[in-house]
Amino acid sequence: MERSFGFQTAFAKATEAIRAAHVEATAFPNGIGLVQLMGRHSGFIACYAALANNDADYVLIPEVPFSLDGPGGFLAHLRDRVVSRGHAMIVVAEGAGQEFLLDSASSLDASGNVRLQDFGRYLRHRIAEDFAAAGVEANLKYIDPSYTIRSVPANPYDSVYCIRLAHAAVHAAMAGRTEMVVGRWRGRFVHVPIALAISSRNLVDPDGDLWMSVLEATGQPPVFA
């Protein structure tokens, strides 16, 4: 499917958190804005919100592994950026960096999904530690809008998209179709068998044009290693 309903509303709302964090970051010496957004396994909201706002210097998503420590790691690059430019803005998807929290106890939610550890808070702690160890001042502002970005009223695009999905779903039911969902594919509303719709997860392609656009917009290196 090309896009899930509510996606445009969600990343549009997420840009407000990025904008607020960026204002805070630029208002203090060596300011750092850190925003954690929805995205357990996929970084689409983080990528699109960062592109729409154009204030992000770093975007961290689950699909692209990264290192925190070492000369080529994220923390060293962030410190150099803050020292040279005076501030930095970081956008992180909630599912990113889970490999750094493997020692933490994991549990399952009511649906049987693994509860993710809070990487945003962990990253905030590590940034503070790294700057303190280097003797560099840091003023970090952390914003986590969590799932509030999906509880706001739908924007006009999503409102129209949802009613057209609903019309197509009713037509499918009246035609006797079952075990399927309605989706948008190549510009048309189509009937997709549920088994096919859930057969694979939609992920950001690290070699695709979306991630390339994020790298070009942020100026971050392709790899933190």
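A donor-acceptor contact shorter than 3.5 Å links the side chain of Asn139 to the backbone of Pro29. Asn53 places a side-chain N or O within donor-acceptor distance of the main-chain N or O of Thr15, the cut-off being under 3.5 Å. When atom types are taken as modelled, the side chain of Glu63 and the backbone of Gly43 share a donor-acceptor pair closer than 3.5 angstrom. Judged by distance alone, with hydrogens and angles left aside, the side-chain atoms of Tyr161 form a donor-acceptor pair with the main-chain N or O of Arg3 at under 3.5 Å. The backbone N or O of Gly39 lies less than 3.5 Å from no partner atom in the side chain of Ser42, so there is not a single donor-acceptor pair. Listed for the Ser67 side chain is no donor-acceptor partner under 3.5 Å among the backbone atoms of Gly73. Remark: the backbone N or O of Gly6 is paired with a side-chain donor or acceptor of Asp158 at under 3.5 angstrom. The closest donor-acceptor contact from the side chain of Gln220 to the backbone of Glu216 lies at 3.5 Å or more, if one exists at all. Not one N or O on the side chain of Glu94 forms a donor-acceptor pair closer than 3.5 Å with the backbone of Phe119.
No more than 12 heavy atoms of other residues, nucleotides or ligands shown are found within 6.0 angstrom of CZ on Phe5. Around NZ of Lys13, the count of heavy atoms belonging to other residues, nucleotides or ligands within 6.0 Å does not exceed 12. When the shell of 6.0 Å around CD1 of Ile194 is examined, it contains more than 12 heavy atoms from other residues, nucleotides or ligands.
A distance of 8.0 Å separates CZ in Arg124 from CG in Leu34, rounded to the nearest 0.5 Å. How far CG of Asn155 is from OG1 of Thr9: 3.5 Å, rounded to the nearest 0.5 Å. The CZ atom of Arg184 sits 4.5 Å away from atom CZ of Phe189, with the distance rounded to the nearest 0.5 Å.
Contact check for Phe131 versus Ile32: side-chain heavy atoms found under the 4.5 Å cut-off. At a threshold of 4.5 Å between non-hydrogen side-chain atoms, the residues Phe74 and Ile90 count as touching. The side-chain heavy atoms of His87 and Val82, taken from C-beta on, include no pair separated by under 4.5 Å.
Grouping the Ile, Leu, Val, Met, Phe, Trp and Tyr side chains by contacts below 4.5 angstrom, directly or via other members, places Val83 with Leu78. Val136 and Leu68 fall within the same hydrophobic cluster, defined by Ile, Leu, Val, Met, Phe, Trp and Tyr side-chain heavy atoms under 4.5 Å apart, directly or through other members. In terms of hydrophobic clustering, with Ile, Leu, Val, Met, Phe, Trp and Tyr side chains grouped at heavy-atom distances under 4.5 Å, Val223 and Leu75 are assigned to different clusters. Hydrophobic clustering, with ILVMFWY side chains joined whenever heavy atoms are under 4.5 angstrom apart, keeps Tyr122 apart from Leu116. Linking Ile, Leu, Val, Met, Phe, Trp and Tyr residues whenever their side-chain heavy atoms come within less than 4.5 Å leaves Val152 and Tyr157 in two separate clusters.
In terms of the salt bridge (charged side-chain N to carboxylate O under 4.0 Å, His left out) criterion, residue partners of Arg79 (sequence neighbours excluded) are, by chain and number, Asp130. With sequence neighbours left out, Val192 forms a side-chain contact (heavy atoms from CB on, under 4.5 Å) with Met1, Val181, Val190, Leu196, Ala197. Partners of Asp118 under the salt bridge (charged side-chain N to carboxylate O under 4.0 Å, His left out) rule, at least two apart in sequence or in another chain, are Arg121. Listed by chain and number, the residues in a salt bridge (charged side-chain N to carboxylate O under 4.0 Å, His left out) with Asp144 amount to none (sequence neighbours excluded). By the salt bridge (charged side-chain N to carboxylate O under 4.0 Å, His left out) test, Arg126 pairs with Asp69, Glu129, sequence neighbours left out.
For Tyr58 and His77, the ring centers sit closer than 6.0 Å to each other. Here Phe66 and Phe224 keep their ring centres 6.0 angstrom or further from each other.
Counting Ile, Leu, Val, Met, Phe, Trp and Tyr side chains that sit under 4.5 Å apart, directly or through other members, Leu37 shares a hydrophobic cluster with Phe7, Phe11, Ile18, Val35, Met38, Phe44, Ile45, Tyr48, Leu51, Val59, Ile61, Val64, Met89, Val91, Ile143, Tyr147, Ile149, Val204, Leu210, Trp211, Val214, Leu215.
The pair Asp55-Arg19 fails the salt-bridge criterion, with no side-chain N (NZ, NE, NH1 or NH2) lying under 4.0 Å from an Asp/Glu carboxylate O.
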Side chain to side chain contact (heavy atoms under 4.5 Å, CB included) assessment of Lys141 paired with Phe28
CA-CA 10 Å; Lys141 308 298 180 183; Phe28 294 89; 3.7 Å; yes
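When all heavy atoms of Ala25 and Ala88 are compared, the closest pair comes out as CB-O, 3.9 Å. Annotation for Gly95 and Pro62: closest pair C-CG, 3.6 Å, computed over non-hydrogen atoms.
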